[in-house]
2 protein chains.
Amino acid sequence: MARRSDHSRPELTELAVKAGVELIEKKGLSGFSARAVARKIGYTVGTLYHVFGDMDGFMLHIHGQTLDDLYAFLTKKLERSKKPSLDILAHGYLDFARAHFNRWDALFTFRTTASNEIPPWYAAKLRGLFLLTETALMPHVGNNEQAAQKHARILWSGIHGICVLSVSGKLDIVNADKAEKQIDMLLETYMAGVEKQL
Amino acid sequence: MARRSDHSRPELTELAVKAGVELIEKKGLSGFSARAVARKIGYTVGTLYHVFGDMDGFMLHIHGQTLDDLYAFLTKKLERSKKPSLDILAHGYLDFARAHFNRWDALFTFRTTASNEIPPWYAAKLRGLFLLTETALMPHVGNNEQAAQKHARILWSGIHGICVLSVSGKLDIVNADKAEKQIDMLLETYMAGVEKQL
DNA sequence: CGGCATTATTAAACAGTGTTCAATAATAAT
DNA sequence: ATTATTATTGAACACTGTTTAATAATGCCG
């Protein structure tokens with residue numbers, strides 16, 4: 001029996017999340033299971049349930065890690081580039097989706113059950129990501145915060161949609177442009193429309 | 001034992017697909033399983049495997065039905081309205097996603113395994129749906145077919161993205177506009193950009 | 001029509017899943 | 001040192017997709 005003082009609860013949480021992330025990253029969602037994680041960290045499923053409640057709660061923590069990684073990935077790109085922020089963000093999102101496809105994909109395959117609401121700490125991570133786009137949009141909408149929010153949401157929806165359809169490769173029926181070009185076109189065209197409406 | 005002549009193979013296929021659709025529609029993907037369908041139609045799982053190969057093959061047929069229903073839904077709306085086709089299609093897509101959420105959701109939760117490629121009959125259904133948008137776009141791009149294809153794809157990505165984020169309700173963090181308004185804004189802004197670029 | 005080959009259907013089994021729970025080991029509190 | 005609390009376990013439950021040998025039902029052919 002693992003001595004309970006082998007890992008503090010935060011340590012155990014981190015250990016499990018890390019193991020889960022590795023499993024998903026390497027084998028996709030199908031390679032991820034309570035028992036697989038337990039085996040990997042030398043504990044039993046019961047311990048995971050003790051820490052996370054259920055697998056949905058566990059997943060939420062893994063997704064939290066993914067959101068953190070995405071945020072770090074995007075902000076780093078923003079810092080190191082002189083190009084317009086919107087382009088960086090949009091293409092960065094695509095890059096991340098490609099580089100961590102299984103994990104990114106899991107983010108949207110996941111469904112919160114009615115009983116398991118989204119916790120505030122998770123909502124905050126999402127808000128932070130949205131803020132990046134809103135901030136990048138501000139100069140294009142005369143620093144109108146409300147307008148920035150609206151357009152950020154729509155633009156991100158579009159970028160996300162392009163990524164879904166192209167990265168999954170499943171709906172690539174039409175002989176379509178590469179995702180990069182589609183993103184450029186979306187940004188160009190949409191922002192041209194925004195400018196025109198000012 | 002069910003007499004093999006109770007249903008011809010096409011009949012059996014239709015029976016199973018119908019049962020599967022009902023299960024997903026009512027209880028979501030979690031209520032859908034080989035055994036649940038088998039029980040519903042009075043056969044055994046073995047028969048389902050005999051007909052569909054595996055559950056992915058089965059799913060594909062269910063999704064085929066969903067695409068057919070979506071197509072019928074959209075074309076009917078197009079016929080009965082005098083409003084611009086793009087608006088009808090975009091809002092129709094949202095309406096369908098809402099009315100058949102579980103089924104629509106399953107469409108994208110589903111992942112084709114590497115071995116199980118998308119069959120031509122399925123690709124054709126997708127192509128048909130895309131064509132609706134392309135046709136609607138034609139008059140806005142000077143009847144340039146290539147341009148219509150590009151913009152159709154991007155626009156549908158955007159519409160789809162908005163539906164995903166709003167219908168699932170999971171990422172509704174920001175106090176956002178209703179999906180309808182977002183769709184209108186996307187269409188207005190993007191098409192304004194298209195016009196400007198002509 | 002009878003017998004043979006084919007095909008459809010079944011039941012049972014396998015390995016895996018999420019989840020629960022009593023028992024027990026390890027710690028904290030008194 | 002004894003008691004109360006908490007962490008961990010292992011076994012169980014009811015599921016899941018999938019495979020397979022046996023069998024029932026049919027089509028074919030002489």
Side-chain angles (χ1 to χ4, degrees), chain A residues 1-17 19-20 22-24 26-63 102 106 109-116, chain B residues 1-17 19-20 22-24 26-63 102 106 109-116:
Chain A
M1 186 186 230
R3 316 194 89 245
R4 74 204 292 181
S5 54
D6 278 353
H7 305 96
S8 70
R9 185 182 267 245
E11 282 173 345
L12 194 49
T13 304
E14 194 189 326
L15 199 67
V17 168
E22 280 172 14
L23 276 174
I24 294 181
K26 208 185 297 177
K27 310 185 180 183
L29 259 186
S30 68
F32 173 80
S33 74
R35 283 170 177 86
V37 172
R39 212 177 303 127
K40 216 166 186 291
I41 65 176
Y43 282 81
T44 331
V45 287
T47 298
L48 289 177
Y49 275 79
H50 192 69
V51 174
F52 295 105
D54 60 3
M55 286 308 277
D56 277 9
F58 190 9
M59 253 308 185
L60 217 58
H61 278 80
I62 290 180
H63 291 336
N102 283 331
T109 301
F110 179 64
R111 291 276 104 88
T112 315
T113 53
S115 57
N116 279 357
Chain B
M1 188 186 232
R3 315 195 89 243
R4 74 202 295 181
S5 55
D6 277 355
H7 304 98
S8 70
R9 184 179 265 246
E11 282 173 344
L12 194 49
T13 304
E14 194 190 326
L15 200 66
V17 168
E22 280 172 13
L23 276 173
I24 294 182
K26 207 184 299 175
K27 310 186 181 184
L29 260 187
S30 68
F32 172 80
S33 74
R35 283 171 177 86
V37 171
R39 211 176 304 128
K40 215 165 186 292
I41 65 177
Y43 282 81
T44 334
V45 288
T47 298
L48 290 177
Y49 274 80
H50 192 70
V51 174
F52 296 105
D54 60 3
M55 286 307 277
D56 277 9
F58 190 9
M59 253 308 183
L60 216 58
H61 278 79
I62 291 180
H63 291 336
N102 282 332
T109 301
F110 179 64
R111 291 275 106 88
T112 314
T113 53
S115 56
N116 279 357

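Being a predicted model, the structure only gives us computed values, none of them experimental. What's counted below: heavy atoms across the whole structure, side chains too, no hydrogens, waters or symmetry copies. Note on naming: letters A, B, ... go to the chains in the order of the sequence lines (proteins, then strands), and numbering restarts at 1 for each one.
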B/Arg39 CZ to D/dA14 C1': how many Å, rounded?
-> 12 Å
Working to the nearest 0.5 Å, report the span between NE2 of A/His63 and OG1 of A/Thr109.
-> 8.0 Å
Atom-to-atom span, CD1 of A/Ile41 to P of D/dT9 - whole angstrom = 9 Å
With the side chain counted from C-beta on, respond yes when A/Met59 and A/Ile24 share a heavy-atom pair under 4.5 Å apart, and no when they do not.
-> yes
D/dC15 phosphate, OP1 or OP2: any side-chain N/O from B/Ser33 under 4.0 angstrom?
-> no
Checking all strands, does B/Leu12 fall into the base, sugar-phosphate, or nothing category for heavy-atom contacts under 4.0 angstrom?
-> sugar-phosphate
Can a side chain N or O of A/His50 be found less than 4.0 Å away from OP1 or OP2 on D/dT8?
-> no
Round to the nearest Å and state the distance from A/Met55 atom CE to D/dC15 atom P.
-> 20 Å
Which value, rounded to the nearest 0.5 Å, describes the distance between A/Glu14 atom CD and A/Leu12 atom CG?
-> 10.5 Å
Separation of C/dT19 atom P from A/Met59 atom CE, nearest Å, is 12 Å
Measure from CG on A/Asp56 to C1' on C/dT17 and round the result to the nearest Å.
-> 14 Å
Just name whichever nucleotide pairs with C/dT30, Watson-Crick or G-U, keeping both distances under 3.5 Å, else none.
-> D/dA1
Please give, in whole Å, the distance from D/dT16 P to B/Asp54 CG?
-> 17 Å
Compare all side-chain heavy atoms of B/Phe52 with those of B/Ile62 and state whether any distance is below 4.5 angstrom.
-> no
The side chain of B/Tyr43 lies closest to which of these nucleotides: C/dT10, D/dT18, D/dT9?
-> C/dT10
Give the rounded distance in Å between these two atoms: NE2 of B/His7 and C1' of D/dA25.
-> 16 Å
Which residue lies more 5' along DNA chain D, comparing B/Gly46 with B/Tyr49 via nearest heavy atoms = B/Tyr49
Angle class for the A/Phe58/A/Phe32 ring planes (parallel below 30°, perpendicular above 60°, tilted otherwise)?
-> tilted
Position toward the 5' end of DNA chain C (nearest nucleotide), B/Val45 or B/Arg9 = B/Arg9
In whole angstroms, how far is the C1' atom of C/dG18 from the CZ atom of A/Arg35?
-> 7 Å
Which nucleotide in the list D/dT18, D/dG10, D/dA7 gets nearest to the side chain of A/Thr44?
-> D/dG10
